[in-house]
Amino acid sequence: MSIVAAFDKTLFFNPASRYAVLRLKTADIMIPQEARSPYHFRDHLIRFTAVGYDLPQTGAVKMELEGTWVSGRYGCQLQVEHWHEIVPPTIEGIRGYLASGLLKGIGEKTADAIVNRFGADSLNVLERHPERLLEIRGITEDKLEEIKSGYAESKVMRELMSLLAPFKVTPTTAMKIYQHFGATGVELLRKSPFRLCQVPGFGFRRVDAIVQKSGGDLHDPMRIQGALFYALEKSRSEGGHLYLETDYLIRSALQLLNEKIPTPEERLGQQAVERELETMILTNVVVSNKGNIYLPLVFAQEQDTARKAVEMALEVPVPVNLAPALEQVKSKLGIVLSKRQTEGVQMVFRHNLSIITGGPGTGKSTILKAVVEAYRLLYPNGIISLAAPTGKASRRMAETTGIDSAQTLHSLLKLRGEDGGWRKREPLNTDLLIVDEASMTDMWLAHQLFSRLRPGTKVLLVGDADQLESVGAGNVFQELIDSGIIPVTVLDEIFRQAKGSLIAYNARSINEGSGELHYGTDFAFIRADSQPEVAELIRSLYKKEAAVTGIAQVQILCPFRSEGEASAQSMNEAIRDEINPASQDKPEVVHGGKLFRLNDRVMQIKNNYDIVLRDSDGKQSAIGVFNGETGFVSAIQGGTVTVNYDGRYADYPLESLDELELAFAMTIHKAQGGECDTVIIPMLAAHKILLSRNLLYTAVTRAKRRVLLVGQKKALFMAVSKTRKGKRNTLLAERMRLYHHAMTCKPSSAEEIRKAS
């Protein structure tokens with residue numbers, strides 16, 4: 001239904017998601033009785049509540065809204081699907097609209113100046129002749145560009161929100177679509193909604209179902225292209241592949257296209273898909289590289305990163321006399337470096353791009369501290385930056401080095417996620433950059449990093465190549481090592497805890513494929529034969545360990561997320577009932593089937609670049625909470641949940657709670673980059689699909705003090721006997737070798753560089 005109403009009061013607004021709950025006023029008598037405010041007002045207008053994204057909070061204009069009346073916990077409310085402003089055709093109405101804040105770049109003074117100059121024709125000038133704004137004193141070329149882009153964005157966003165109403169998109173999602181397609185997005189999507197399959201989050205099935213409801217053609221070429229796009233995007237986001245081979249891509253697209261077509265005569269054939277793929281290649285919609293099909297942006301990421309890495313490897317830094325500085329560092333830190341560790345430190349100063357890799361207890365942190373201290377002695381005015389892919393890893397890095405400025409790569413690069421791109425484009429202002437947990441860096445993030453490095457910047461990548469691959473697509477750390485071009489120091493001697501820890505030794509055994517592990521107080525195997533028995537034992541062990549070290553230092557790491565009693569989801573519910581049971585003095589909130597209780601341990605499950613973190617005094621301390629960050633629910637007031645992330649507090653409104661889940665237990669993938677005292681790992685043959693050598697290795701190496709394996713010995717042998725890593729489609733190492741050949745073997749020509757690409 002359509003309603004004309006005016007703004008009355010803001011009841012709730014989240015500036016991050018732009019979700020708003022507004023009280024509106026109207027003379028429309030069709031407002032349902034149950035939705036009307038029971039109070040009477042002097043203007044005799046009806047008040048009701050509307051909820052939605054990006055709703056205007058200004059009385060300068062009226063709105064025409066369309067949506068659905070929904071009854072819930074807060075009464076009957078209008079869920080707004082789309083809206084547009086109604087600007088009064090008077091000078092005052094136009095001035096009020098321009099000054100309302102709805103248009104970026106135009107404030108009250110600028111609005112007055114525009115209306116004073118152009119009067120009732122002001123909106124026409126903005127729409128059709130914006131260059132005339134330069135006639136107004138104070139509006140420069142830069143200011144004009146700001147106004148034009150703000151007006152265009154505002155207009156396109158409204159049109160997008162209206163066009164995509166059947167897809168239930170939020171303004172944040174609409175902004176991603178706008179950034180992906182630009183100002184032509186509305187027209188492109190009108191012609192073919194299947195172009196949405198290019199945007200992460202819009203699966204082919206979702207788009208296809210809505211298009212077919214409105215009478216779409218099953219043989220539409222755009223539908224075929226949409227399936228090809230989706231197959232490529234799905235392989236990237238779920239399989240970690242940067243490309244798909246042509247035959248596999250065609251088979252995947254055909255399966256998608258025909259899965260809901262029951263009659264054989266209506267199904268699409270291989271030739272139709274081959275024809276559309278050829279068209280996409282010829283029009284540069286996708287890239288074919290020797291029969292390997294890439295999305296263009298992904299191809300560019302791999303290509304540019306390979307070229308930049310080789311250029312850095314070929315840079316020759318100014319030689320320095322490291323020996324005296326290194327002796328001072330060893331004396332100052334009270335450390336003794338092995339021959340291999342010394343070679344690792346020397347390597348960093350001889351090359352502008354180098355790698356140090358090794359398992360737990362092999363001295364990576366010691367080398368890191370030695371490199372930082374030696375660099376300070378040799379280059380007192382040099383700028384040192386420390387970063388890691390996750391907040392947990394960056395904070396651990398700060399503790400190791402004593403450099404509090406260690407931060408996430410996203411923060412260092414001022415990124416706002418894969419679709420948000422840059423906040424700023426200037427090169428990184430640093431002389432030495434050390435990246436820890438580099439094995440977690442995917443192709444997209446590596447590209448952002450290498451693209452921002454100035455010539456001469458020294459970069460050290462530190463990590464464990466035997467851990468799980470990055471969650472995102474690519475296998476960058478391993479490919480850089482495999483290229484044979486980047487100098488690498490492999491640490492293989494165990495130093496941790498005076499060589500007394502079984503964790504490091506058993507981690508090496510697992511990595512070498514041996515299930516013959518050594519057991520003791522710090523590495524134990526507790527036998528159990530069924531999932532219920534494993535779950536019961538883990539609950540008991542968790543309570544005992546948490547009583548000794550605290551909840552934050554005990555972590556259950558599960559291969560499976562949601563299947564069986566020993567999955568992360570089931571264990572979370574069970575542990576909470578034991579550790580944090582319900583009581584009258586503990587407030588709770590429920591959203592989307594999830595219940596959160598005061599004192600619950602929780603985890604952020606997606607990157608959010610807009611959450612403002614504050615310290616205990618209420619002052620802003622940081623922006624952004626990242627996938628895998630864990631904390632505790634410290635307050636619940638109304639529909640807002642406050643989470644304490646190690647002394648940094650973040651507020652989550654009700655609609656943002658889908659970004660949180662319980663974290664007494666988590667999947668092993670989510671634990672990458674973190675450490676805690678005790679790790680408890682269920683080992684069950686029922687989990688054999690996910691059990692693998694590097695999965696178990698990653699779980700074990702999260703523990704600093706104790707590992708407890710609970711379950712079946714045969715599951716342990718299943719894990720260590722399975723190949724460590726699956727094959728990911730990436731040609732980064734091969735591309736680096738081609739570039740290196742073109743740049744070093746003979747005077748390189750433009751044609752040689754082109755062939756390497």
Side-chain angles (χ1 to χ4, degrees), residues 156 159-170 173-239 241-263 266-288 291-300 418-419 473 729:
V156 172
E159 291 178 346
L160 271 176
M161 291 296 291
S162 178
L163 178 66
L164 299 174
F167 296 90
K168 306 295 183 183
V169 303
T170 66
T173 304
M175 179 58 73
K176 289 182 181 179
I177 296 168
Y178 173 73
Q179 290 167 340
H180 188 92
F181 294 110
T184 61
V186 173
E187 190 59 32
L188 288 172
L189 294 176
R190 281 202 179 104
K191 290 179 180 177
S192 175
F194 287 104
R195 285 183 175 268
L196 282 173
C197 295
Q198 300 175 42
V199 181
F202 281 89
F204 174 81
R205 294 178 181 87
R206 176 186 177 188
V207 177
D208 194 38
I210 293 172
V211 172
Q212 297 313 317
K213 278 183 181 178
S214 57
D217 180 6
L218 293 171
H219 292 258
D220 182 353
M222 290 295 103
R223 181 173 184 262
I224 299 173
Q225 291 195 17
L228 288 164
F229 270 122
Y230 177 69
L232 283 171
E233 177 57 39
K234 183 181 180 184
S235 75
R236 186 180 75 94
S237 60
E238 296 183 10
H241 302 304
L242 299 187
Y243 66 83
L244 286 180
E245 295 173 354
T246 300
D247 291 345
Y248 185 88
L249 173 60
I250 290 172
R251 289 198 304 271
S252 300
L254 272 172
Q255 184 178 352
L256 276 170
L257 290 162
N258 291 328
E259 66 183 3
K260 294 292 179 68
I261 303 177
T263 54
E266 289 186 354
R267 292 177 184 164
L268 287 99
Q270 183 169 327
Q271 286 186 336
V273 180
E274 288 175 347
R275 189 166 51 247
E276 287 308 316
L277 179 57
E278 186 67 25
T279 299
M280 294 167 75
I281 293 169
L282 292 173
T283 55
N284 299 318
V285 177
V286 295
V287 174
S288 177
N292 302 317
I293 310 301
Y294 288 80
L295 293 168
L297 285 176
V298 177
F299 180 77
E418 186 160 345
D419 301 298
N729 293 348

Participant: Counting only heavy atoms not in Leu297, do more than 12 fall under 6.0 Å of its CG?
Facilitator: no
Participant: Grab the two heavy atoms, one from Leu232 and one from Ile293, that are nearest each other, plus how far apart they are.
Facilitator: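 Nearest pair, atom of Leu232 first, then Ile293: CD2-O, 3.4 Å.
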Participant: Could you check if a side-chain atom of Asn292 sits within less than 4.5 angstrom of a side-chain atom of Leu242, using non-hydrogen atoms only?
Facilitator: no
Participant: Which pair of non-hydrogen atoms, one from His241 and one from Asn729, has the smallest distance, and what is that distance?
Facilitator: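 Between these two residues, the closest heavy atoms are ND1-N, 2.9 Å.
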Participant: Which heavy-atom pair separates Ala231 from Leu244 by the least distance, and what is that distance?
Facilitator: O-CD1, 3.7 Å
Participant: Can you tell me how far the OH atom of Tyr294 sits from the CZ atom of Arg236, to the nearest 0.5 Å?
Facilitator: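 Going from OH on Tyr294 over to CZ on Arg236, the span is 13.0 Å.
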Participant: Quick one: does Val286's side chain get under 4.5 Å of Leu228's, heavy atoms only?
Facilitator: no
Participant: So do Phe204 and Lys234 actually touch side chain to side chain, heavy atoms under 4.5 Å?
Facilitator: no
Participant: Which heavy atom in Phe194 sits nearest to a heavy atom in Met222, and how many Å separate them?
Facilitator: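 Scanning both residues, the minimum pair turns out to be CB-O, 3.3 Å.
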Participant: Looking at side-chain heavy atoms only, is the closest gap between Arg205 and Leu256 below 4.5 Å?
Facilitator: yes
Participant: Can you name the nearest heavy-atom pair linking Ile281 to Ser288, along with the distance?
Facilitator: CD1-CB, 3.8 Å
Participant: Could you name each residue pair satisfying side-chain hydrogen bond (donor to acceptor under 3.5 Å, both in side chains) that touches residues 271-282, not counting sequence neighbours?
Facilitator: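 Non-adjacent pairs meeting side-chain hydrogen bond (donor to acceptor under 3.5 Å, both in side chains): Gln225-Glu276, Gln270-Glu274.
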Participant: More than 12 heavy atoms of other residues, nucleotides or ligands under 6.0 Å from CD of Glu259: yes or no?
Facilitator: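 Yes.
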Participant: Side chains of Leu257 and Arg223: closer than 4.5 Å at any heavy-atom pair?
Facilitator: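 Leu257 vs Arg223: side chains touch.
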Participant: Could you tell me whether the side chain of Leu249 reaches within less than 4.5 Å of the side chain of Tyr243, counting heavy atoms only?
Facilitator: no
Participant: Distance check, rounded to the nearest 0.5 Å: Arg251 atom CZ versus Thr246 atom OG1?
Facilitator: 10.5 Å
Participant: I need the minimum non-hydrogen distance between Val273 and Ile224, along with the two atoms involved.
Facilitator: CA-CG2, 3.9 Å
